[in-house]
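For ligands, and for the atoms within them, numbers begin at 1 and follow the listed sequence.
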Amino acid sequence: MSDAKHIDAPLRLFNSLTRAVDPFAPIDPGHARVYSCGPTVYNYAHIGNLRAYVFVDTLRRTLLWKGLDVTQIINITDVGHLTSDADAGDDKMEAAARASAKSIWDIAAHYTDAFKANIAALNIMAPTEWTVATDYVPQMIAFAEKIAATHCYQLDSGLYFDSFTVPDYGALAGGRDDAAHARIDPVAGKRNPSDFAIWRKSPPGEQRQMEWDSPWGKGAPGWHLECSVMSLDRLGHPFDIHTGGIDHREIHHPNEIAQNQAYHQAYCGCTDAVSGFTGARWWMHNNFLVDRQGKMSKSKGGFTTLFSLIDAGVHPIAYRLLCLGAHYRSELEFSAHGLAGALTRLKRLIMGVEGLKARAEGVTWQSPRLDYLRANLHPKLIPLLEQFDAALSDDLMTPRAMPLLEEAIALKKVPVDEKLCLIAAFDQALGFDLLTLTRADLRITPKDAQIAPDEIEAELDRRTSARADKDFAASDAIRDALIARGVEVMDGDPLRWDWRLALG
Ligand code: AMP
Ligand code: ZN
């Protein structure tokens with residue numbers, strides 16, 4: 001029996017509002033409400049975008065680990081996001097539709113499905129609900145009507161939010177930066193550079209694929225409006241945690257906060273009480289995945305997708321592991337080398353768990369909750385449980401938590417079912433699916449492989465015979481022929497993988 005007091009580390013999360021790691025408690029005891037900015041579905045997600053959702057999933061799994069229920073919303077942006085995050089440029093969806101001569105609705109459906117396939121492949125838990133921006137246009141208009149008289153002004157191009165009508169505009173970004181807005185956002189007639197569109201009127205004579213009637217003319221909502229409206233509708237304001245990539249800390253989220261404050265003011269009839277009201281208590285941001293070869297820009301194209309990694313023979317969970325190997329607030333540099341290392345680490349984990357499962361034949365184990373573990377775990381495993389809980393509770397320190405999984409697998413003189421019980425619990429928090437994945441699952445044949453696995457095995461058998469006959473010339477020739485066809489031959493590989501296809 002263990003002492004539960006030592007295991008429950010207080011959960012602390014970095015809040016971009018305070019720029020500090022603060023103790024977290026949900027507004028409703030026992031239940032956390034989370035809203036995550038979702039993808040803009042005019043193209044495939046690149047692997048950088050997906051890092052944002054691995055982070056969100058780690059947050060969700062940590063809240064569950066801490067015994068909280070979680071309601072989580074992820075939105076699908078299918079209207080309103082312009083080619084700049086502010087008000088400049090064209091709607092990304094309209095531009096994609098023009099470029100491909102397809103309807104926006106078809107484009108949105110295709111890339112939404114692709115995004116959900118990526119999420120499933122990365123073992124990211126589906127949110128409680130996906131909300132789609134175009135389903136919420138009437139609510140967006142109603143929200144805008146509520147704040148229009150007090151916080152907005154009209155121009156020929158639409159309805160704009162006056163950023164001087166709320167206190168501390170831009171505090172989340174570290175303060176108002178009108179000079180930066182002026183550089184990116186040259187909309188004629190705006191009162192202040194950081195003012196932003198609530199409603200964009202369709203230009204005269206231009207027929208858009210997506211437009212709606214509104215009190216400010218036919219047009220489409222500004223991008224920031226959807227997240228204020230959908231979070232309010234599905235979670236209520238204030239809710240607990242709002243997430244997004246670090247880029248959203250600069251424009252999108254400050255604008256959401258300004259809208260939330262304005263709406264709150266209109267709703268409660270209060271005048272100066274909105275300064276501390278931001279709509280969500282925690283604003284959390286993942287740092288970027290960066291690629292020195294510049295393959296991380298959705299709008300420029302030519303970027304790396306999860307599909308392209310799978311086509312190159314990499315199991316998607318290796319990418320998940322790569323992400324969790326860095327803290328979510330650190331920049332992570334992507335490289336083929338780093339990804340190959342993550343794949344090897346995943347293989348080792350799976351081999352370790354496969355070994356334990358083979359020894360535990362006939363014994364059942366479960367994926368227990370923390371309270372079960374506290375009460376029942378073998379004393380030798382308790383320090384690992386404590387350290388794991390402390391790492392996750394310390395602002396989701398996955399790089400500190402992952403080696404504890406490896407330690408648990410390697411630990412000697414502990415009954416195998418006890419170990420599996422702890423490993424299952426760790427795995428539930430990290431989401432690698434280690435108890436189900438097999439080594440065979442990891443062997444993904446690259447799409448452009450010039451040789452099939454059966455043929456490689458046959459060639460290697462021939463090589464083994466040649467070596468047994470001491471015919472080293474023949475053995476070397478077989479090996480060279482395999483290398484020429486993209487097969488790396490790995491004699492004496494400790495993971496017992498005799499070969500692998502070189503990553504594309
Ligand atoms: P988008 O589909 O462009 O709206 O972006 C979806 C999510 O990906 C947002 O939360 C972005 O902040 C985030 N994001 C964009 N680029 C990266 C990157 N390179 N690394 C991590 N997150 C990113
Ligand atoms: Zn958003």
Side-chain angles (χ1 to χ4, degrees), residues 16 34-59 73-85 89 91-93 95-96 107-108 111-112 114-116 118-119 122 124 127 130-133 136 140 172-173 196 221-232 234-235 239 241-260 278-280 283-301 303-306 319 322-323 326-334:
S16 297
V34 182
Y35 182 93
S36 302
C37 283
T40 309
V41 286
Y42 70 102
N43 207 333
Y44 294 109
H46 59 56
I47 52 174
N49 298 132
L50 295 173
R51 184 183 187 202
Y53 304 99
V54 172
F55 151 62
V56 161
D57 193 50
T58 307
L59 173 64
I73 304 295
I74 302 182
N75 68 295
I76 300 288
T77 298
D78 58 353
V79 66
H81 197 169
L82 302 190
T83 44
S84 111
D85 270 1
D91 187 301
K92 292 185 180 194
M93 299 295 302
I107 289 179
Y111 293 117
T112 300
F115 180 75
K116 289 182 179 172
N118 285 167
I119 292 296
L122 288 168
I124 291 170
W130 298 98
T131 55
V132 180
Y136 279 81
M140 288 192 238
L172 182 72
F196 55 92
W223 171 43
H224 315 294
L225 195 54
E226 65 175 86
C227 291
S228 283
V229 169
M230 292 190 282
S231 63
L232 176 68
R234 305 315 299 149
L235 299 174
F239 58 95
I241 306 176
H242 195 312
T243 75
I246 192 88
D247 52 332
H248 287 351
R249 200 182 63 184
E250 308 307 314
I251 298 178
H252 181 47
H253 289 170
N255 290 355
E256 262 190 76
I257 288 174
Q259 292 167 161
N260 295 347
T278 58
W283 292 77
M284 294 180 71
H285 298 101
N286 64 278
N287 211 323
F288 266 26
L289 181 78
V290 293
D291 178 354
R292 292 211 181 152
Q293 276 137 32
K295 290 191 174 167
M296 220 66 77
S297 166
K298 213 154 124 173
S299 48
K300 284 193 199 125
F303 50 82
T304 309
T305 63
L306 192 66
Y319 176 66
L322 180 79
C323 290
H327 186 240
Y328 76 91
R329 282 194 287 122
S330 309
E331 219 172 58
L332 171 60
E333 184 171 328
F334 180 74

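Taking only nitrogen or oxygen atoms, main chain and side chain alike, Arg51 does not reach within less than 3.5 Å of ligand 1. Residue Gly48 has at least one nitrogen or oxygen atom sitting less than 3.5 Å from a nitrogen or oxygen atom of ligand 1, judged on distance alone. Checked by distance only, ligand 1 and Tyr53 stay at 3.5 Å or farther apart across all their nitrogen or oxygen atoms. Between Leu289 and ligand 1, at least one N/O pair is under 3.5 Å apart. For ligand 1, one of its N or O atoms has an N or O atom of Asn49 under 3.5 Å away.
Close approach of ligand 1 to His46 is summarised as follows: ligand atoms under 4.0 Å from at least one heavy atom of the residue are 16 (N), 17 (C), 19 (N).
Tyr111 has its ring centre no less than 6.0 Å from the ring centre of Tyr42. Between Trp223 and His248, the gap from one ring centroid to the other is short of 6.0 Å.
Within the structure, salt bridge (charged side-chain N to carboxylate O under 4.0 Å, His left out) pairs that include any residue of residues 46-57 comprise Asp57-Arg61, Asp57-Arg320 (at least two apart or interchain).
Residue Gly245 holds the heavy atom nearest to atom 10 (O) of ligand 1 of all those in Gly38, Gly245, Cys323.
A side-chain contact (heavy atoms from CB on, under 4.5 Å) with Phe115 is found for exactly one of Asn49, Leu50, Thr40, namely Leu50. Just one residue in the list His242, Glu250, His253 forms a side-chain hydrogen bond (donor to acceptor under 3.5 Å, both in side chains) with His285, and that residue is His253.
Protein atoms that are N, O or S and lie under 2.8 Å from the Zn ion (ligand 2) are these: Cys37 SG, Cys227 SG, His252 NE2.
Taking CD1 from Ile74 and CH2 from Trp130, the interatomic distance works out to 4.5 Å, rounded to the nearest 0.5 Å.
When heavy-atom distances to ligand 1 are checked against a 4.0 Å cut-off, Tyr328 has no atom that comes that close, whether in backbone or side chain.
The shortest separation from a heavy atom of Asn287 to ligand 1 is under 4.0 Å, placing the residue in contact. For His285, the closest heavy-atom approach to ligand 1 does not fall below 4.0 Å.
Within the 4.5 Å cutoff, the side chain of Phe239 has no heavy atoms near those of the Val34 side chain.
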